[in-house]
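These numbers were taken from a predicted model, which means no experiment stands behind them.
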Amino acid sequence: MKRILLSISCLGVLMLGACNTASTDTDSDSTTATENTTDMVSSDSAATSEAAMTDAAGATAPHATDAEFMQSAAHSDQNEIQLSKLALDKGITGMAKDHANKMITDHTKSTADLKPIAQKKGVTLPTDMDPEHKTIAEQMGTLSGKDLEKKYLEQMAMDHQKTVNTMVAHQKMTQDADLQGFITKTLPVVQTHLAMFKQHAGM
């Protein structure tokens, strides 16, 4: 009789141990699943945030080299300067005229600040618009009045958004102290331009 009771007791202990082990395994699996779900949510959120930033930016990736960045920055200055001169020649008035004059002044200064850095690195800067903006200039040349003003303000907003994002991206990549200083000095000016054009272009 004692042997039977002892056997039953042992069997009970073994079953209890198995249950506890199963419970522990289940809890572990549940915890792992929860952690994996949390990781997936975090990953999705990060991807969504990055995608949103990219969508707002257009050209957000840094240029492959510092030379490419400098050439792109000089093109950007010429785009803003020459489109602004075109808008002025076509007779824009009021606030748009004031903005155009400011673009010419500020982007001429930006190129002047970049030139000695480029010369130091042996980089030749472009002195004309890029092909895309030459086409845009032709389109703007067919407009006048409010249509011209609207196109000018919208184009400036888009261009400055790309420039801001490109500068932010390249500043994180470049190891060049001169370019770091140039971007630190120029970026706030471009950001001010962007906010100004977004406000008046209704974007």
Side-chain angles (χ1 to χ4, degrees), residues 53-54 56-92 96-143 148-198 201 203:
M53 185 170 60
T54 303
T60 58
H63 289 284
T65 66
D66 289 336
E68 286 183 14
F69 169 77
M70 285 186 277
Q71 290 168 338
S72 174
H75 263 314
S76 178
D77 284 337
Q78 287 302 313
N79 295 339
E80 317 312 356
I81 290 169
Q82 295 193 38
L83 288 184
S84 294
K85 286 181 176 180
L86 171 62
L88 289 171
D89 289 343
K90 295 280 290 181
I92 59 170
K97 180 179 179 179
D98 293 339
H99 289 355
N101 282 318
K102 183 172 180 60
M103 291 309 99
I104 295 169
T105 299
D106 289 353
H107 285 281
T108 297
K109 185 178 186 308
S110 172
T111 295
D113 290 339
L114 185 60
K115 271 183 179 179
I117 300 174
Q119 289 173 349
K120 182 179 177 181
K121 317 294 179 184
V123 176
T124 301
L125 298 180
T127 58
D128 200 357
M129 293 185 287
D130 59 38
E132 177 189 356
H133 284 78
K134 287 181 180 180
T135 300
I136 291 170
E138 290 177 2
Q139 295 169 351
M140 284 179 58
T142 66
L143 303 175
L148 172 63
E149 180 178 313
K150 182 175 184 294
K151 173 62 177 176
Y152 172 70
L153 294 175
E154 289 176 350
Q155 189 63 49
M156 288 296 105
M158 288 188 291
D159 286 351
H160 282 85
Q161 180 69 74
K162 289 180 181 179
T163 301
V164 164
N165 289 333
T166 299
M167 282 187 164
V168 169
H170 200 78
Q171 189 170 39
K172 293 177 182 177
M173 187 204 80
T174 185
Q175 300 298 312
D176 190 286
D178 292 329
L179 284 181
Q180 287 280 357
F182 170 77
I183 294 172
T184 297
K185 179 180 180 180
T186 309
L187 181 57
V189 178
V190 181
Q191 288 172 323
T192 299
H193 293 172
L194 173 60
M196 178 177 69
F197 280 116
K198 275 191 170 183
M203 299 175 72

Check whether Thr166 reaches the backbone of Lys162 with its side chain - one donor and one acceptor, N or O, closer than 3.5 Å. yes
Can His193 and His107 be said to form a side-chain contact (heavy atoms from CB on, under 4.5 Å), step by step? CA-CA 11 Å; His193 293 172; His107 285 281; 3.5 Å; yes
If we ignore hydrogens and angles and just use 3.5 Å, is the side chain of Asn79 paired with the main-chain N or O of His133 as donor and acceptor? no
Is the NZ atom of Lys90 crowded by more than 12 outside heavy atoms at less than 6.0 Å? yes
Salt-bridge test for Lys109 and Asp113: reply yes if a basic N is under 4.0 Å from a carboxylate O, no otherwise. yes
Measure the CG-NZ distance between Asn101 and Lys85 for me, rounded to the nearest 0.5 Å. 11.0 Å
Can you tell me how far CE of Met103 sits from CZ of Phe197, rounded to the nearest 0.5 angstrom? 4.0 Å
Test side-chain contact (heavy atoms from CB on, under 4.5 Å) on Leu143 and Lys150 and set out the steps. CA-CA 10 Å; Leu143 303 175; Lys150 182 175 184 294; over 6 Å; no
A quick test of your reading: do over 12 heavy atoms of other residues, nucleotides or ligands sit less than 6.0 Å from NZ of Lys151? yes
Might you confirm whether atom NZ of Lys115 has over 12 heavy atoms from other residues, nucleotides or ligands at distances under 6.0 Å? no
Shortest non-hydrogen contact between Ala74 and Pro126, atoms and distance: CB-CD, 3.7 Å
Measure the CD-CD distance between Gln161 and Gln191 for me, rounded to the nearest 0.5 Å. 10.0 Å
Does Lys121 come within less than 4.0 Å of Asp66, counting only side-chain N to carboxylate O? no
If you take all heavy atoms of Ile81 and Ile104, which pair is closest and at what distance? O-CG1, 4.0 Å
Exceeds 12 heavy-atom contacts within 6.0 angstrom, atom CD of Gln175: no
Flag side-chain contact, heavy atom, 4.5 Å: His99 against Met156: no
Starting at CD of Gln82, measure out to CG of Asp89 and round the result to the nearest 0.5 Å. 11.0 Å
Between CG on residue Asp77 and CE on residue Met129, distance to nearest 0.5 Å: 13.0 Å
Would Leu153 and Glu149 satisfy side-chain contact (heavy atoms from CB on, under 4.5 Å), going step by step from the backbone distance to the final call? CA-CA 6 Å; Leu153 294 175; Glu149 180 178 313; 4.1 Å; yes
Does Ser110 use its side chain to pair, donor to acceptor, with the backbone of Asp106 at less than 3.5 Å? no
Determine the minimum heavy-atom distance between Leu114 and Ala73, stating which atoms define it. CD2-CB, 3.9 Å
For the residue pair Gln78 / Asp130, report whether a side-chain donor-acceptor contact shorter than 3.5 Å exists. no
Hey, what do you get for CE (Met196) to NE2 (His160), rounding to the nearest 0.5 Å? 7.0 Å
Would you check if the side chain of Ser76 reaches a backbone N or O of Ser72 as a donor-acceptor pair within less than 3.5 Å? no
Checking side-chain contact (heavy atoms from CB on, under 4.5 Å) for the pair Met140/Ile136: CA distance, chi angles, key distance, verdict? CA-CA 6 Å; Met140 284 179 58; Ile136 291 170; 4.1 Å; yes
Smallest separation among heavy atoms of Ala100 and Ile92, with atom names: CB-CD1, 3.9 Å
Closest non-hydrogen atom pair, Tyr152 against Ser84: OH-OG, 2.7 Å
Ring pair (Phe, Tyr, Trp, His ring centres under 6.0 Å) contacts in which one or both residues fall within residues 69-89, not counting sequence neighbours: Phe69-His170
Could you tell me which non-hydrogen atom of Ala112 sits nearest to which non-hydrogen atom of Pro116, and how far apart they are? O-CD, 3.1 Å
Please check if any side-chain donor atom of Thr174 sits under 3.5 Å from a side-chain acceptor atom of Gln180, or the reverse. no
